[in-house]
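In what follows, residues are counted from 1 in the order of the sequence shown.
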Amino acid sequence: MQKHFVTVFVGLAVVAAGLMALHTKPVIADTQSSSAVFDSAGKLKLPTGYRRWIFVGAPLTPNALNNGNASFPEYHHVYIEGRNVDAYLKTGAFPEGTVIVKELTRVLNPTFPDGSRTEPSGRGYFNGEYNGIDVTVKDSKRFAKTNGWGFFTFGHHPLPYAETAAESPITECGSCHVTFVAKTDMTWVQFYPLLRDK
């Protein structure tokens, strides 16, 4: 009798657990997790939805103002997720897992020697076609050799961009950041008023 009672009790417990699972709310993803996704080979996957993140600035170094040989002759449209901008504004440093996207756009069809053109709003520089994307990811363990940030290039050319990117050698990106902006969390905050003027 006692054995039968235990069997019935265990059976009811299993049924009850199953019913509870059906009525349990889904687990909400950790909003503090990183948007950086790496494949099994350690390559970074191209971030998605970044144009809806916080736009912090767009420095421009056109060829026409750099003897025809600018390192980056495009606008640098820089995007950071809102939660990471908020953290920076509070602490002066980006949290682990921060992803910063720099999407390049060419200058729209220059008509003057300095690379400018005239539009209804006046003479100046205007955005042309997309022309590449670079991404930085903060992960102090993974990227200890470059002050905790990894640098990735998905191509410097018109769309489409590569779907994945291996970490760039320090000589391509990281060395400039280490040399010039190590004191501002490896980020050119002096070009982004939202971050610079916190």
Side-chain angles (χ1 to χ4, degrees), residues 34-81 84-85 94 97-119 121 123-139 142-143 145-181 186-192 194-195:
S34 177
S35 293
V37 177
F38 295 90
D39 66 15
S40 59
K43 292 184 177 182
L44 180 67
K45 293 185 178 181
L46 182 66
T48 59
Y50 58 87
R51 291 183 189 137
R52 294 185 181 91
W53 297 357
I54 302 292
F55 175 74
V56 296
L60 172 64
T61 52
N63 274 327
L65 299 180
N66 291 277
N67 299 317
N69 195 27
S71 297
F72 292 98
E74 308 96 342
Y75 283 97
H76 308 179
H77 290 222
V78 178
Y79 303 90
I80 307 172
E81 287 178 285
N84 297 322
V85 170
F94 290 104
T98 295
V99 176
I100 300 176
V101 172
K102 176 178 76 176
E103 187 168 34
L104 308 175
T105 63
R106 297 188 71 76
V107 173
L108 182 63
N109 305 325
T111 55
F112 292 97
D114 66 357
S116 65
R117 62 180 287 117
T118 301
E119 291 292 338
S121 59
R123 182 173 167 179
Y125 298 94
F126 304 89
N127 283 278
E129 65 181 2
Y130 291 115
N131 200 54
I133 189 165
D134 297 321
V135 175
T136 58
V137 178
K138 187 172 185 178
D139 186 326
R142 187 187 289 258
F143 307 117
K145 293 180 180 178
T146 46
N147 284 1
W149 288 85
F151 299 85
F152 300 84
T153 297
F154 291 83
H156 286 182
H157 52 71
L159 296 166
Y161 305 135
E163 294 182 6
T164 62
E167 182 183 3
S168 298
I170 189 169
T171 53
E172 285 185 20
C173 297
S175 60
C176 245
H177 289 252
V178 169
T179 302
F180 297 107
V181 293
M186 299 286 282
T187 307
W188 305 89
V189 296
Q190 67 268 37
F191 302 142
Y192 314 133
L194 173 65
L195 304 178

Visitor: Asn147: which residues meet the side chain to side chain contact (heavy atoms under 4.5 Å, CB included) condition with it, sequence neighbours left out?
Guide: Val178, Ala182, Met186
Visitor: Are any of the side-chain heavy atoms of Asp134 and Phe152 separated by less than 4.5 Å?
Guide: no
Visitor: Please determine which of Leu195, Val56, Val181 meets the side-chain contact (heavy atoms from CB on, under 4.5 Å) test together with Trp188.
Guide: Val181
Visitor: Please name the pair of heavy atoms, one in Val99 and one in Asn84, separated by the smallest distance, quoted to 0.1 Å.
Guide: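 Nearest heavy atoms, Val99 then Asn84: N-ND2, 4.3 Å.
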Visitor: Mind checking side chain to side chain contact (heavy atoms under 4.5 Å, CB included) for Thr136 and listing every partner two or more places apart, or none if nothing turns up?
Guide: Ile100, Trp149, Phe151
Visitor: Report the residue from Val78, Val85, Ile54 that forms a side-chain contact (heavy atoms from CB on, under 4.5 Å) with Tyr192.
Guide: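 Of the listed residues Val78, Val85, Ile54, the side-chain contact (heavy atoms from CB on, under 4.5 Å) partner of Tyr192 is Val78.
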Visitor: Does any non-hydrogen side-chain atom of Glu81 lie less than 4.5 Å from one of Thr98?
Guide: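 They are not in side-chain contact.
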Visitor: Going by ring-ring contact (aromatic ring centres under 6.0 Å, His included), name the residues that satisfy it together with His76, two or more places apart in sequence or in a different chain.
Guide: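 If we apply the ring-ring contact (aromatic ring centres under 6.0 Å, His included) test to His76, skipping adjacent residues, the hits are Phe72.
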Visitor: Locate the shortest heavy-atom distance separating Tyr125 from Pro62; write the atom from each residue and the value.
Guide: CE2-CG, 4.0 Å
Visitor: Keeping the roles fixed (side chain from Asn66, backbone from Asn69), state whether a donor-acceptor pair exists under 3.5 Å.
Guide: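 Such a contact is absent between Asn66 side chain and Asn69 backbone.
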Visitor: Would one find more than 12 heavy atoms of other residues, nucleotides or ligands at under 6.0 Å from atom CG of Asn67?
Guide: no
Visitor: Side chains of Arg123 and Ser116: any donor to acceptor distance under 3.5 Å?
Guide: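 On atom types as modelled, these side chains qualify, holding a pair under 3.5 Å.
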Visitor: Return the minimal non-hydrogen interatomic distance between Ala64 and Gly115, and the atom names on each side.
Guide: CB-N, 3.3 Å
Visitor: Glu172 and Thr153: side-chain donor and acceptor closer than 3.5 Å?
Guide: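 Glu172 vs Thr153: no donor-acceptor pair found between side chains.
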Visitor: Can you tell which of Thr105, Asn131, Asn63 makes a side-chain hydrogen bond (donor to acceptor under 3.5 Å, both in side chains) with Glu74?
Guide: Asn131
Visitor: Taking the six-membered ring of Tyr130 (Phe, Tyr or Trp), confirm whether the NZ or CZ of Arg106 is under 6.0 Å from its centre and within 45° of its axis.
Guide: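 No - Arg106 does not lie over the ring of Tyr130 by the 6.0 Å and 45° rule.
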Visitor: Sequence neighbours excluded, which residues qualify as side chain to side chain donor-acceptor pair (under 3.5 Å) partners of Glu167?
Guide: none
Visitor: Got Asp114 and Leu65 here, is their nearest side-chain heavy-atom distance under 4.5 Å?
Guide: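 Contact flag for Asp114/Leu65 side chains = yes.
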Visitor: Between Tyr75 and Thr61, is any pair of side-chain heavy atoms under 4.5 Å apart?
Guide: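 Not in contact.
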Visitor: Who pairs with Phe55 by ring-ring contact (aromatic ring centres under 6.0 Å, His included), at least two apart in sequence or on another chain?
Guide: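 If we apply the ring-ring contact (aromatic ring centres under 6.0 Å, His included) test to Phe55, skipping adjacent residues, the hits are His77, Tyr79.
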Visitor: Taking the side chain as every heavy atom from C-beta outward, state whether Phe38 and Lys43 have any atom pair closer than 4.5 Å.
Guide: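 No, their side chains stay 4.5 Å or more apart.
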Visitor: Under 4.5 Å between any side-chain heavy atoms of Thr164 and Leu46, yes or no?
Guide: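 Thr164 vs Leu46: side chains apart.
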Visitor: Between Arg51 and Glu103, is the closest basic N to carboxylate O distance under 4.0 Å?
Guide: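 Counted as a salt bridge, because a side-chain N and a carboxylate O are separated by less than 4.0 Å.
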Visitor: Quick one: are Trp53 and Ser35 in side-chain contact, heavy atoms under 4.5 Å?
Guide: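 Result yes, sub-4.5 Å side-chain heavy-atom pair found.
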Visitor: Main chain of Ile133, side chain of Lys102: is a donor-acceptor contact present, judged purely on distance under 3.5 Å?
Guide: no
Visitor: Can you tell if the side chain of Tyr50 reaches within under 4.5 Å of the side chain of Arg52, non-hydrogen atoms only?
Guide: no
Visitor: Mind checking what makes side chain to side chain contact (heavy atoms under 4.5 Å, CB included) contact with Ser175, not counting sequence neighbours?
Guide: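 Partners of Ser175 by the side chain to side chain contact (heavy atoms under 4.5 Å, CB included) criterion, ordered by chain and then number, come out as Ile170.
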Visitor: Please name the pair of heavy atoms, one in Pro59 and one in Phe191, separated by the smallest distance, quoted to 0.1 Å.
Guide: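 It is CG-CB, 3.8 Å.
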